[in-house]
Amino acid sequence: QEQLVESGGGLVQAGGSLRLSCAASGRTFSMYTVGWFRQAPGKEREFVAAISWSGGSTNYADSVKGRFTISRDNAKNTADLQMNSLKPEDTAVYYCAADRSRTTHFMARRDGISYWGKGTLVTVSS
């Protein structure tokens, strides 16, 4: 069983950068596809990015392509989301998620994902 804990959120000005980290406590984290999702106030939770167990495959939402980069370090049981050129519309609670049976493509479907963190708040001021 995996427990996921996000960190790195905070307040940043538009155009700035933040790096989020997801730390997993289980022994099998390296076998899981990891995804990042976000939920803005009054909106549904939406897919941001995903990375395969090996790191060899990634998938991004169109809204973040070219600005965000997902990575992982299986030796450290972590997965990071580097966010550059942040915009006020990136403001949201960001969640880490993990699922053993999904590809990076199907990780975009949030329903039924096995494990979720509790989220970290990112606020981008204009």
Please check this pair: side chain of Arg102 against backbone of Ala108, looking for a donor-acceptor N/O pair closer than 3.5 Å. no
Name each donor-acceptor pair under 3.5 Å that joins a side chain in residues 112-126 to protein atoms two or more places apart or in another chain, with its distance.
from: Ser114; atom 1: OG; to: Asp99; atom 2: OD2; distance (Å): 3.0
from: Thr120; atom 1: OG1; to: Gly9; atom 2: N; distance (Å): 3.2

With the side chain counted from C-beta on, respond yes when Ser63 and Arg38 share a heavy-atom pair under 4.5 Å apart, and no when they do not. yes
Among the clusters formed by ILVMFWY side chains lying less than 4.5 Å apart, do Ile51 and Trp36 turn up in the same one? yes
Are the side chain of Glu6 and the backbone of Cys96 linked by a donor-acceptor contact shorter than 3.5 Å? yes
Over 12 foreign heavy atoms within 6.0 Å of CZ, Arg109: no
Please check: side-chain N/O of Asn74 versus main-chain N/O of Ser54, any donor-acceptor pairing under 3.5 Å? no
Heavy-atom donor-acceptor pair, Arg110 side chain to Arg45 backbone, under 3.5 Å: yes
What residues join Phe106 in its hydrophobic cluster, counting side-chain heavy atom gaps under 4.5 Å, either direct or through other members? none
Does one hydrophobic cluster hold both Val64 and Val34, with members joined at side-chain heavy-atom distances below 4.5 Å? yes
How many angstroms lie between OG in Ser101 and OH in Tyr32, if you round to the nearest 0.5 Å? 9.0 Å
Straight-line distance of Thr28 OG1 to Asn77 CG, nearest 0.5 Å: 8.5 Å
Is any NZ, NE, NH1 or NH2 atom of the basic residue among Lys87 and Asp90 found under 4.0 Å from an Asp or Glu carboxylate oxygen of the other? no
Closest non-hydrogen contact found for Phe47 with Tyr60 is CE2-C, 3.9 Å
To the closest 0.5 Å, what do you measure between OG (Ser57) and CE (Met107)? 12.0 Å
Minimum-distance pair of heavy atoms, taken over all atoms of Gly8 and Leu18: O-CD2, 3.8 Å
How about Thr104 and Thr58: do any of their side-chain heavy atoms sit closer than 4.5 Å? no
How close do Ser85 and Arg67 get, heavy atom to heavy atom, and via which atoms? O-NH1, 3.0 Å
For the student: nearest non-hydrogen atoms of Glu2 and Ser25, plus distance: OE1-N, 4.0 Å
Geometric cation-pi criterion Arg72 and Phe29, 6.0 Å radius, 45° cone: yes
What is the distance from atom OH of Tyr94 to atom OG of Ser7, rounded to the nearest 0.5 Å? 15.0 Å
Heavy atoms, side chains only, cut-off 4.5 Å: are Asn84 and Gln82 in contact? yes
Tell me whether Val12 shares a hydrophobic cluster with Met83, the cluster being built from Ile, Leu, Val, Met, Phe, Trp, Tyr side chains joined at under 4.5 Å. yes
Just wondering, are more than 12 heavy atoms of other shown residues or ligands nearer than 6.0 Å to CD in Gln3? no
My understanding is that only one of Ile70, Val48, Leu81 makes a side chain to side chain contact (heavy atoms under 4.5 Å, CB included) with Leu20; could you say which? Leu81
